K.L.:
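I am attaching a structure below and will ask some questions about it afterwards.
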2 protein chains.
Amino acid sequence: MTNLLAPKGSIARAARVLDVLSLAPDGADLTEIVAQSKFSKTTTFRVLASLREVNYVFQDPSTRIYRLGSKLAEMARNAEQVNVSAIAERGMARLAEMSEDTVFLSVPEGASSICVNRKVGAFPIRTLTLDKGDRRPLGVGAGSLALFCSLSEAQRATVCRVNKNWLAEYGATEESLASEYEFFQVNGYARNRGGVVRGMSAIGVPVITASGRLVAALAIGAIDERMKQERIEELILPGLKREARRLADRLNAMEKEQNK
Amino acid sequence: MTNLLAPKGSIARAARVLDVLSLAPDGADLTEIVAQSKFSKTTTFRVLASLREVNYVFQDPSTRIYRLGSKLAEMARNAEQVNVSAIAERGMARLAEMSEDTVFLSVPEGASSICVNRKVGAFPIRTLTLDKGDRRPLGVGAGSLALFCSLSEAQRATVCRVNKNWLAEYGATEESLASEYEFFQVNGYARNRGGVVRGMSAIGVPVITASGRLVAALAIGAIDERMKQERIEELILPGLKREARRLADRLNAMEKEQNK
DNA sequence: CCCAATAATTCCGTTTATCGGAATTTTTTA
DNA sequence: TAAAAAATTCCGATAAACGGAATTATTGGG
C-alpha cells in the first residue's frame with residue numbers, strides 16, 4: 001500500500017526531498033531525510049542517488065551528509081526572481097531602516113504576485129501581511145496592485161477574468177481594481193487601505209527596467225497612523241521611487257552584461 | 001526501445017527539461033522543449049505537468065509558454081552559493097574596476113571548487129581561465145588554492161588522496177600543493193603561476209566568516225606583467241583582503257539574521 | 001469567417017523503472 | 001572488540017512511466 005500523504009510520481013517525491021534539504025541549511029543525513037519526507041528508506045535513498053547524479057544534491061563524502069547541490073544554484077542564477085530578490089537586498093534594508101516599517105518585494109508570475117523578500121523595520125508594531133513565498137492574485141496588496149497597474153489594459157482585463165473568484169476572496173472586484181488603477185495613474189503609486197488587515201496601510205511602486213520589462217514591485221506597509229499623506233509624500237514615496245529606480249538600473253546593467 | 005541518449009530515471013529526465021528551460025530566459029513552448037530535450041512529446045508533456053505541480057515550472061496560461069517556476073527560486077534562495085554570488089556582486093565589481101583585471105569567486109563543494117561568479121575588468125588582454133559553473137579540484141587555480149589552504153591538515157590530505165588523478169591532469173601533486181600551502185602560510189594569499197595558462201598569474205584569498213566557516217574565495221587574474229610583486233602588495237592584495245572581509249561580514253550578519 | 005495546418009493534450013496497451021521489505025555491508029558507539 | 005545504528009544493495013511484485021495514435025485546441029492564411 002502506498003503512503004496516503006505521499007505525492008504522486010517520482011518528480012513530486014524528488015521535490016519533497018529537495019524541500020527537506022532546503023530547510024536544512026547545514027544539510028541532513030539519510031535518516032533525517034527519511035524522517036522528514038516520510039518515504040521509505042529505500043525510496044529516499046534512490047531519490048537522493050538520482051538527484052546526486054544530476055548535481056541537484058551533493059553528498060559530503062566524509063560525513064555522508066546531503067546538501068543542495070551546485071546544479072541547483074547554477075540554475076537558480078537563471079531564474080530571475082532569485083536575482084531580483086538578492087539584488088534588492090540592500091535597497092530594501094535601506095528602506096526598512098529609513099522608514100522603520102516593513103518592506104516587501106513582489107514579483108509577478110502569470111496572474112499572481114509572489115512575495116520574494118521582506119525586511120522588517122525597527123518600529124515595534126509590525127504589519128506582517130505577507131510572508132516570503134506567499135502568492136496573491138495580482139491586485140491584492142500594495143505591491144501586487146502596483147504590478148497590476150503596470151500591465152496593459154488587455155492584461156488587466158485578463159487578470160480580472162482569470163482571478164475573479166480568487167479576487168473575491170479578498171473582497172476585490174474588477175470595479176474596485178479599476179478605481180485603484182485610476183488612483184495609480186494620478187498619483188504614481190498603488191495603495192492598499194486596510195484591504196486585508198484593518199488599521200494597516202501600504203503603498204507600492206513598480207520596478208520596470210529601461211527595456212520596459214516589469215520585474216517586481218517594492219512596497220512599504222505600516223499601521224495607519226504612520227501612513228498619513230505627509231509622511232507618504234515626504235518620506236515613503238521618495239524612498240520607494242529611489243530604490244525602485246536603483247533596482248531597475250542594476251537589473252538593466254545585468255541584462256546588458258548577459259548579452260555579451 | 002528507449003532513446004540511447006536518454007538519461008535514466010524520471011528525475012534525470014526532469015533535470016534535463018529544467019536544463020532546457022534554464023537556458024531559455026524567455027521560456028519555451030512544448031515543441032521547443034521536445035526538440036531540445038529529445039524526449040517524446042508525451043513524456044515531455046508529462047514531465048512538465050509534474051514539474052508544474054510542484055511549481056518548478058510555470059506555464060503562462062495565455063501563451064502556454066513554460067518558464068522556471070517560483071518554487072525553484074524559493075529553494076535556490078536557501079542554497080548558499082547563490083547568495084554568496086549575489087552578495088559578492090558589488091565587491092567584485094569594485095575589484096574589477098580598481099584592478100582592471102579579471103575577478104573570480106569560487107565556492108568549495110566537497111573536494112572541488114566551483115566558480116560561481118566572474119567580473120571582467122577594463123584591461124584589454126583578458127585572462128578567462130574559469131567560466132561560471134566550472135569545477136576544478138581544490139588546489140588548482142588561485143581561488144581554489146586559497147580554499148585548499150584554508151582546510152585543516154586532515155582535510156587537505158583527504159583532498160589530495162581523493163583528487164589524485166584529477167589533480168594530475170593539471171600537473172599538481174601532493175608535494176606541489178604542500179609547497180603552495182607553505183607560501184600561503186607565509187604570505188597570507190594563494191598564488192597560481194601559469195599553472196593552467198602560460199604567461200598568466202592569479203592570486204586568491206579565502207572568505208571566512210566570523211564563525212569560522214569557509215564560504216568562498218576571491219581571486220584576481222591577469223597577465224604576468226600586471227602581477228609584479230609591487231602591484232600585488234600595493235593594489236591587488238589589499239583590495240582582495242578588503243573585499244573578502246566585507247563579504248565575510250555581510251554573510252555573518254545574514255547568518256545571525258537567519259537565527260532570529 | 002471558415003478551413004487547413006500546427007500545436008497541445010488525452011488515451012491506452014505495453015513495458016520498464018520504481019517500490020518497499022529484507023539482507024548485507026559499513027560506520028559509529030559503548 | 002562487540003553491539004548497535006546507519007547506509008547501501010538485492011529482489012520479486014507492481015504501480016507508474018513509456019510512446020504511438022487519436023483527439024482536441026489554437027493559429028494563420030484565404
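Labels below follow one simple rule: chain letters A, B, ... track the order of the sequence lines, proteins then strands, and each chain is numbered from 1. Keep in mind that what you see is a predicted model, and the values were worked out from it rather than measured. What you see below is based on every heavy atom in this structure, not just the backbone, and it leaves out hydrogens, waters and symmetry mates.
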K.L.:
I'd like to know whether CD of B:Glu53 has more than 12 heavy-atom contacts from other residues, nucleotides or ligands below 6.0 angstrom.
P.N.:
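Incorrect, the count does not exceed 12.
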
K.L.:
Side chains of B:Ser70 and A:Arg135: do they bring a donor and an acceptor to under 3.5 Å?
P.N.:
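On atom types as modelled, these side chains qualify, holding a pair under 3.5 Å.
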
K.L.:
To the nearest Å, give me how far apart CZ (B:Arg46) and P (C:dA17) are.
P.N.:
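Whole-Å distance recorded here is 13 Å.
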
K.L.:
Atom CG of B:Leu48 to atom C1' of C:dT10: distance rounded to whole Å?
P.N.:
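In whole Å, C:dT10 C1' lies 15 Å from B:Leu48 CG.
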
K.L.:
Kindly point out which of D:dT8, C:dT9, C:dA8 is positioned nearest to the side chain of A:Lys41?
P.N.:
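Given the options D:dT8, C:dT9, C:dA8, the side chain of A:Lys41 is closest to D:dT8.
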
K.L.:
Taking the side chain of B:Arg13 as its heavy atoms from C-beta onward, which of D:dT8, C:dA8, D:dA17 lies nearest to it?
P.N.:
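For the B:Arg13 side chain, the nearest candidate turns out to be D:dA17.
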
K.L.:
Run the numbers on A:Val47 and A:Thr44 for side-chain contact (heavy atoms from CB on, under 4.5 Å), then give the verdict.
P.N.:
CA-CA 5 Å; A:Val47 167; A:Thr44 310; 5.8 Å; no

K.L.:
Within the 4.5 Å heavy-atom criterion, are A:Tyr56 and A:Leu21 side-chain neighbours or not?
P.N.:
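Result no, sub-4.5 Å side-chain heavy-atom pair not found.
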
K.L.:
To the nearest Å, how far apart are A:Phe45 CZ and C:dA23 C1'?
P.N.:
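Atom-to-atom, A:Phe45 to C:dA23, this comes out as 15 Å.
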
K.L.:
Separation of B:Leu30 atom CG from D:dT24 atom C1', in whole Å?
P.N.:
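B:Leu30 atom CG is separated from D:dT24 atom C1' by 14 Å.
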
K.L.:
Expressed in angstrom and rounded to an integer, what is the separation of B:Arg16 atom CZ from D:dC18 atom C1'?
P.N.:
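That distance rounds to 15 Å.
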
K.L.:
Would you tell me if any nitrogen or oxygen in the side chain of A:Ser10 comes within less than 4.0 Å of OP1 or OP2 on D:dA16?
P.N.:
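No, outside the criterion.
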
K.L.:
Does B:Thr42 reach a base, just sugar-phosphate, or nothing at all? Heavy atoms under 4.0 Å.
P.N.:
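It contacts base atoms.
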
K.L.:
For B:Gln59 and D:dT26, give me the distance from atom CD to atom P, rounded to whole Å.
P.N.:
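So the CD-P distance, B:Gln59 to D:dT26, works out to 12 Å.
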
K.L.:
Enumerate all atom pairs, one protein N or O and one N or O from nucleotides 24-29 of chain C, separated by less than 3.5 Å.
P.N.:
residue, atom, partner, partner atom, Å
C:dT27, OP1, A:Arg64, NH2, 3.3

K.L.:
Report all side-chain donor-acceptor pairs from residues 137-149 of chain A shorter than 3.5 Å, counting only partners two or more places apart or in another chain.
P.N.:
residue, atom, partner, partner atom, Å
A:Ser144, OG, A:Pro137, O, 2.9
A:Ser144, OG, A:Gly139, N, 2.8
A:Ser144, OG, A:Val140, N, 3.4

K.L.:
Within this structure, what is the CZ-NZ distance for the pair A:Phe104 and A:Lys132, rounded to the nearest 0.5 Å?
P.N.:
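Spacing of CZ (A:Phe104) from NZ (A:Lys132) equals 12.5 Å.
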
K.L.:
Rounded off to whole Å, could you give me the CD-to-C1' distance for the B:Glu53 and D:dA16 pair?
P.N.:
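Between C1' of D:dA16 and CD of B:Glu53: 15 Å.
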
K.L.:
Evaluate the side-chain proximity of B:Val116 to B:Ser106: yes if any heavy-atom separation is below 4.5 Å, no if none is.
P.N.:
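No, every pair of side-chain atoms sits at 4.5 Å or beyond.
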
K.L.:
Rounded to whole Å, how long is the line connecting atom CD1 of A:Ile11 with atom P of C:dT18?
P.N.:
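For the pair A:Ile11 CD1 and C:dT18 P, the rounded distance is 11 Å.
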
